Amino acid sequence: MTVLYAHFHPVSGGALAEETYDGLLALLTEVTPVVQALPPDAALLDVRGATRYFGHDPAGLATLLRVRALARYETDCTVGVAANPMLARMAAHDGPPGAVRTLPDDPERVAAFLARKPAAALYGVGPATARTLCSYGLDSVGRIAAAPPAVLQRILGAAQGRRIWERAHGIDPTPVTPDARARSMGAEHRFTTDELDAAYRRRALLALADGLGARLRESGQVARGLTLTVRYADGSATTRSRTFTEPTAHTPVLTATAYALHNALGLQRARVRAVALRAEGLGGAELAVHQLTFDEADDKARRVEAAVDRARARFGNGAVGPAATLDVA
DNA sequence: TCTGGGGTCCTAGGACCC
DNA sequence: TCTGGGGTCCTAGGACCC
């Protein structure tokens with residue numbers, strides 16, 4: 001047992017504040033540097049090496065963390081302790097919140113723990129996969145584990161089938177990865193009433209693109225492409241994505257791409273509940289080489305953007321924004 | 001226990017290139 | 001010159017997690 005999965009919940013109830021979460025992550029790194037954040041309210045820890053230093057076994061370390069989180073942040077946590085991330089997660093979810101639950105490494109104990117669980121309790125099996133598995137009579141983790149891997153691969157596809165078979169046997173080779181860089185960054189705008197007006201949707205997209213660009217530049221990142229998701233009144237959704245000619249964090253490019261994707265959908269009388277933008281394929285801005293153009297307008301737009309970013313840094317995010325977004329925010 | 005917003009990963013088909 | 005198989009990229013969509 002070297003992996004801890006911690007799920008935090010404020011004693012007062014409600015959601016965890018971002019600053020509190022940051023503080024909790026710092027608290028976790030007091031115990032081990034190998035902490036993987038799972039925003040907004042969870043984390044994985046590899047405590048190999050920490051047990052000796054602190055003179056506690058992993059369960060003891062988990063208890064220590066709980067006490068500190070309560071004392072310093074009035075935040076309780078549920079901790080699972082096991083041999084790998086998947087088992088640690090499942091141990092944490094195996095009972096009421098606010099406890100430390102340990103699953104020993106003993107293969108028979110692990111098998112017994114898994115066998116009695118319903119299919120949907122297996123990490124990586126959600127409602128849809130559970131339905132599929134159950135339709136083949138594979139309604140418990142024990143039965144999934146007993147099925148030949150080839151059968152699961154036929155039902156679920158090669159990668160998913162293999163992974164589910166492994167997990168049903170308690171196997172999870174994924175390491176705890178500290179400092180994992182985000183792959184994408186997105187935001188959604190939900191309309192208060194189902195929106196039929198394309199102009200209003202464009203204003204929402206402008207606000208989203210503006211905010212996304214600011215976040216990208218603030219974090220020193222560029223994106224390779226943009227995805228637009230449109231959610232409709234009936235719960236369905238359409239996604240369209242486009243790759244930029246070069247990685248960028250510039251709001252005008254994001255906005256123009258968002259508009260182009262939106263226009264290409266050719267929505268006529270669609271009842272739109274929400275629009276969302278996601279910047280994909282993030283990378284460090286230092287790696288991006290901007291094609292030098294002699295386009296004066298482009299050059300000016302980038303200088304304006306830099307000035308806006310400086311104003312925001314000084315006066316707050318609400319200080320400056322495109323005029324057309326004012327009635328959407 | 002549920003909700004929801006912000007994420008991740010996978011699949012599959014088509015285009016393109018070698 | 002034609003054929004063809006195998007990468008890789010792009011795009012759309014689905015599923016899952018916290």
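Below, read A as the first sequence line, B as the second, and so on, with proteins coming before strands; counting in each chain starts at 1. We use all heavy atoms of the structure for the numbers below, so side chains are in, but hydrogens, waters and symmetry mates are not. Remember, it's a predicted structure, so these values are computed and weren't measured experimentally.
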Would you please confirm or rule out a distance under 4.0 Å between OP1 or OP2 of [N] and any side-chain N or O of [X]?
X	N	value
A/Thr243	C/dT11	yes
A/Arg224	C/dC9	no
A/Arg278	B/dG7	yes
A/Ser241	C/dA12	yes
A/Arg183	B/dT8	no
A/Arg242	C/dT11	no
A/Thr239	C/dT11	no

message = Which residue is it: A/Thr29, A/Leu28, A/Asp46? I am looking for the one with a side-chain contact (heavy atoms from CB on, under 4.5 Å) to A/Val34.
response =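 By the side-chain contact (heavy atoms from CB on, under 4.5 Å) criterion, A/Val34 pairs with just one of A/Thr29, A/Leu28, A/Asp46: A/Asp46.
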Quick one: label [X] by what it contacts on the DNA or RNA (base, sugar-phosphate, nothing), any heavy atom closer than 4.0 Å.
X	result
A/Ala276	nothing
A/Arg215	sugar-phosphate
A/Tyr5	sugar-phosphate

Starting at [atom1] of [X] and ending at [atom2] of [N], how long is that distance when rounded to a whole Å?
X	N	atom1	atom2	answer
A/Glu166	B/dC10	CD	P	12 Å
A/Arg240	C/dC10	CZ	C1'	13 Å
A/Leu16	B/dG6	CG	P	16 Å
A/Arg231	B/dG4	CZ	C1'	10 Å
A/Leu226	C/dT11	CG	C1'	13 Å
A/Tyr123	B/dT8	OH	C1'	9 Å
A/Glu246	C/dC9	CD	C1'	18 Å
A/Leu261	C/dA12	CG	P	8 Å

Going by heavy atoms in the side chains, are [X] and [Y] under 4.5 Å from each other?
X	Y	value
A/Thr75	A/Leu70	no
A/Val253	A/Phe244	yes
A/Met185	A/Ser219	yes
A/Val141	A/Phe113	no

query = Charged N to carboxylate O below 4.0 Å: is that the case for A/Arg224 and A/Glu246?
reply =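 Here A/Arg224 does not pair with A/Glu246 in a salt bridge, since their nearest N and O are not under 4.0 Å apart.
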salt_bridge(A/Asp197, A/Arg201) N-O dist < 4.0 Å =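 No, this pair does not count.
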query = Taking DNA chain C as the partner, which of residues 125-132 of chain A come within under 4.0 angstrom of it by heavy atom?
reply =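 Correct list: A/Val125, A/Gly126, A/Pro127, A/Ala128, A/Thr129.
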query = Which residues, if any, of residues 87-102 of chain A bring a heavy atom under 4.0 Å of DNA chain C?
reply =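 DNA chain C contact set from residues 87-102 of chain A: A/Arg89, A/His93.
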request  = Name the residue closer to the 5' end of DNA chain B, choosing between A/Arg181 and A/Ala158 according to the nucleotide with the nearest heavy atom.
outcome  =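 Comparing both residues, the 5'-ward one is A/Arg181.
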query = Taking the six-membered ring for Trp, are A/His93 and A/Tyr5 ring centroids under 6.0 Å apart?
reply =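 Yes, they do, as the ring centres are separated by less than 6.0 Å.
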request  = Determine which nucleotide pairs with B/dC16, using a 3.5 Å limit on both distances of a Watson-Crick or G-U wobble pair.
outcome  =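 When the pairing criteria are applied, C/dG7 turns out to be the nucleotide that pairs with B/dC16.
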task = Verify whether one side chain among A/Thr51 and A/His56 offers a donor that lies under 3.5 Å from an acceptor in the other.
result =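 Not at all, the side chains of A/Thr51 and A/His56 share no donor-acceptor pair under 3.5 Å.
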inquiry  = Could you tell me if A/Thr227 and A/Glu280 have a donor-acceptor pair between their side chains, going purely by distance under 3.5 Å?
reply    =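 Looking only at side-chain atoms, A/Thr227 and A/Glu280 do form a donor-acceptor pair, the distance falling under 3.5 Å.
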message = Can you see whether A/Tyr232 has A/Arg273 sitting over its ring - NZ or CZ less than 6.0 Å from the centre and within 45° of the normal?
response =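 The answer is no; the distance or angle limit is not met.
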What N/O pairs connect the protein and nucleotides 13-18 of chain B at under 3.5 Å? Give each pair on its own line.
none

request  = Could you work out which one of B/dG7, C/dC10, B/dC10 sits closest to the side chain of A/Arg163?
outcome  =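 Closest of the options to the side chain of A/Arg163: B/dC10.
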query = Just wondering, are more than 12 heavy atoms of other shown residues or ligands nearer than 6.0 Å to CD in A/Glu74?
reply =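 Not more than 12 within 6.0 Å, no.
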task = Would you mind telling me which of A/Arg116, A/Arg101, A/Arg89 makes a salt bridge (Lys or Arg N to Asp or Glu O under 4.0 Å) with A/Asp94?
result =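 Answer after filtering A/Arg116, A/Arg101, A/Arg89: A/Arg116.
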